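To start, the structure itself, in structure tokens.
Within every chain, numbering begins at 1; the chains are lettered A, B, ... in the order of the sequence lines, protein sequences first and strands thereafter. Please read these numbers as outputs of a predicted model, since none were measured by experiment.
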2 protein chains.
Amino acid sequence: MLSNSSKYAIKAVLFLALNSKDNKKIMVKDISEPINVPQAYIAKLLQELSKKNIISSSRGPKGGFYLSNANMDNSLMDIINIIDGEKRLQACVLSLEKCNLEKPCPLHELVYPIKTKFIKVLQDRTIKEFSTLIKQGKVFLPF
Amino acid sequence: MLSNSSKYAIKAVLFLALNSKDNKKIMVKDISEPINVPQAYIAKLLQELSKKNIISSSRGPKGGFYLSNANMDNSLMDIINIIDGEKRLQACVLSLEKCNLEKPCPLHELVYPIKTKFIKVLQDRTIKEFSTLIKQGKVFLPF
DNA sequence: TCCTAAATATGATTTTTGTCATATTTTAAT
DNA sequence: ATTAAAATATGACAAAAATCATATTTAGGA
């Protein structure tokens, strides 16, 4: 479904959403530890997201990663698309290339509607909205 | 979600459900080709399923793999559990160990009900029932 | 009984994913 | 300007998943 890398990236971005600001940058080692992901690994992922403008960063002393207000309007799907590519989530559960509405595979009818809904939420809900839900204590990040 | 191996195994078993019987065994090479999976690979998976009595086999000339009537009452989940282990499908979307109903992760509320439904169908519907749906032309196996 | 056709057992190889290491570049503070 | 602290770029390494190869065992038929 989601690669490990995507999951890590999502965790990191949500962490940044809650704990960083333009004037409060966080360096990798202070991200990797709380979210429980190896530092060198998450560093690589954050760099990739930064290059694609999903998150922001600045170098040098007092540097680090953070989310700008614009970054907060991105979706989790933006992250997934960058890390996993666009096809992974879309593919048929059984990886049947020719599976479609006309010739649905045996699991298509079951999976299609629920996957569509899943993808829609990933696309439509912003990082900011997730952040709000967490702050309100409605959902949690039990890293 | 499902490993490649599970998908291959499911394809093979559904193929056997449609094309084999006690008195009509099929050898690996005549399974691997139509379902479009490398012979040596699917052979290994079929052996594993055979050992766990999900499918049947006999060696020697006129031997091959087939589904007995009893085999037809198994579920796709039986296959998945053997190939992928029991935890893979159950795990939190974000792989957060501590994610649960009390401390749901940000995607829990979205994913939990749909995954539960998915798992239920995989568990409850028999191979025989899938086979019937395919024979009735209601679903397809576009290998 | 012997030969041959099949699955089975075992493990080697390759590819992909995940992880780690390090030299380079940028920037703030002195 | 110089230094030190940070991200960045690049690529090496490890682990897991996928794939392939082969020797062994079993069973049917001549």
Side-chain angles (χ1 to χ4, degrees), chain A residues 1-12 16 20 22-33 35-68 71 80 82-85 87-88 91 95, chain B residues 1-12 16 20 22-33 35-68 71 80 82-85 87-88 91 95:
Chain A
M1 182 88 111
L2 299 180
S3 70
N4 234 325
S5 294
S6 270
K7 294 172 191 169
Y8 287 174
I10 289 172
K11 283 164 59 167
L16 286 174
S20 78
D22 314 43
N23 57 2
K24 189 178 169 206
K25 293 153 193 164
I26 310 188
M27 28 182 200
V28 264
K29 74 175 162 62
D30 293 332
I31 299 170
S32 72
E33 202 214 322
I35 70 172
N36 210 26
V37 174
Q39 176 173 340
Y41 192 10
I42 198 65
K44 202 169 206 174
L45 295 174
L46 289 174
Q47 286 163 25
E48 206 173 340
L49 294 176
S50 174
K51 190 154 56 173
K52 297 278 176 57
N53 299 310
I54 299 298
I55 66 176
S56 305
S57 67
S58 76
R59 307 211 239 190
K62 300 279 170 187
F65 293 95
Y66 62 100
L67 295 198
S68 66
N71 293 150
I80 294 166
I82 286 170
I83 305 292
D84 286 347
K87 286 169 298 183
R88 183 167 177 142
S95 298
Chain B
M1 183 88 112
L2 299 180
S3 70
N4 235 325
S5 293
S6 271
K7 294 172 191 170
Y8 287 174
I10 289 172
K11 284 165 58 166
L16 285 174
S20 78
D22 313 44
N23 56 2
K24 189 179 168 207
K25 293 154 193 164
I26 310 188
M27 24 183 203
V28 263
K29 75 175 161 61
D30 293 332
I31 299 169
S32 71
E33 201 215 321
I35 70 172
N36 209 27
V37 174
Q39 176 173 341
Y41 194 7
I42 198 64
K44 201 169 205 173
L45 296 173
L46 290 173
Q47 285 163 25
E48 206 172 341
L49 294 177
S50 174
K51 189 155 55 173
K52 297 280 176 56
N53 298 310
I54 300 298
I55 66 176
S56 305
S57 67
S58 77
R59 308 209 239 190
K62 300 280 171 186
F65 293 95
Y66 62 100
L67 296 197
S68 65
N71 293 150
I80 295 167
I82 287 170
I83 306 292
D84 286 346
K87 286 169 300 184
R88 182 167 178 143
S95 297

B:K25 NZ - C:dT8 P separation (whole Å)
12 Å
Which pair of non-hydrogen atoms, one from A:I82 and one from A:I54, has the smallest distance, and what is that distance?
CD1-CG1, 3.3 Å
Inter-residue atom distance B:M1.CE - A:R88.CZ, 0.5 Å rounding:
11.5 Å
Taken to the nearest whole Å, CG/B:L2 to C1'/D:dA17 is 15 Å
Among side-chain atoms of B:Y41 and B:S5, is any donor-acceptor pair under 3.5 angstrom?
yes
Close approaches to DNA chain C from residues 47-57 of chain A, in residue order (heavy atom, under 4.0 Å):
none
How long is the line joining CZ of A:F65 and P of D:dA5, in whole Å?
18 Å
Between C1' on C:dT8 and CD1 on B:I42, what's the gap in Å once rounded to a whole number?
15 Å
Between A:S56 and A:S50, the two heavy atoms sitting closest are C-OG, 4.5 Å
Can you tell me the distance, in whole Å, between the CD1 atom of B:I83 and the P atom of D:dA17?
13 Å
Drop me the distance from B:I42's CD1 to B:I35's CD1, to the nearest 0.5 angstrom.
4.0 Å
Does B:S3 have a side-chain nitrogen or oxygen under 4.0 Å from the phosphate oxygens OP1 or OP2 of D:dA17?
no
Nearest-0.5 Å distance that lies between atom NZ in B:K44 and atom CG in B:L49
13.5 Å
B:M27 side chain, from C-beta outward: closest of C:dA6, D:dT8, C:dT8:
C:dA6
Evaluate the criterion side-chain contact (heavy atoms from CB on, under 4.5 Å) for residue pair A:V37 and A:I31; output intermediate values, then yes/no.
CA-CA 8 Å; A:V37 174; A:I31 299 170; over 6 Å; no
Under 4.5 Å between any side-chain heavy atoms of B:L16 and B:S20, yes or no?
yes
I need the CG-C1' distance between B:L45 and C:dA7, as an integer number of Å.
14 Å
Atom-to-atom span, CD1 of A:I26 to C1' of D:dA5 - whole angstrom:
17 Å
Grab the CG-P distance between B:D84 and D:dA16 for me, whole Å please.
15 Å
Indicate whether the side chain of B:Y8 and that of A:S95 have a donor and an acceptor atom separated by less than 3.5 Å.
no
Heavy-atom protein contacts under 4.0 Å, nucleotides 19-30 of chain C, coded B base, S sugar-phosphate only, - none
BB----BBBB--
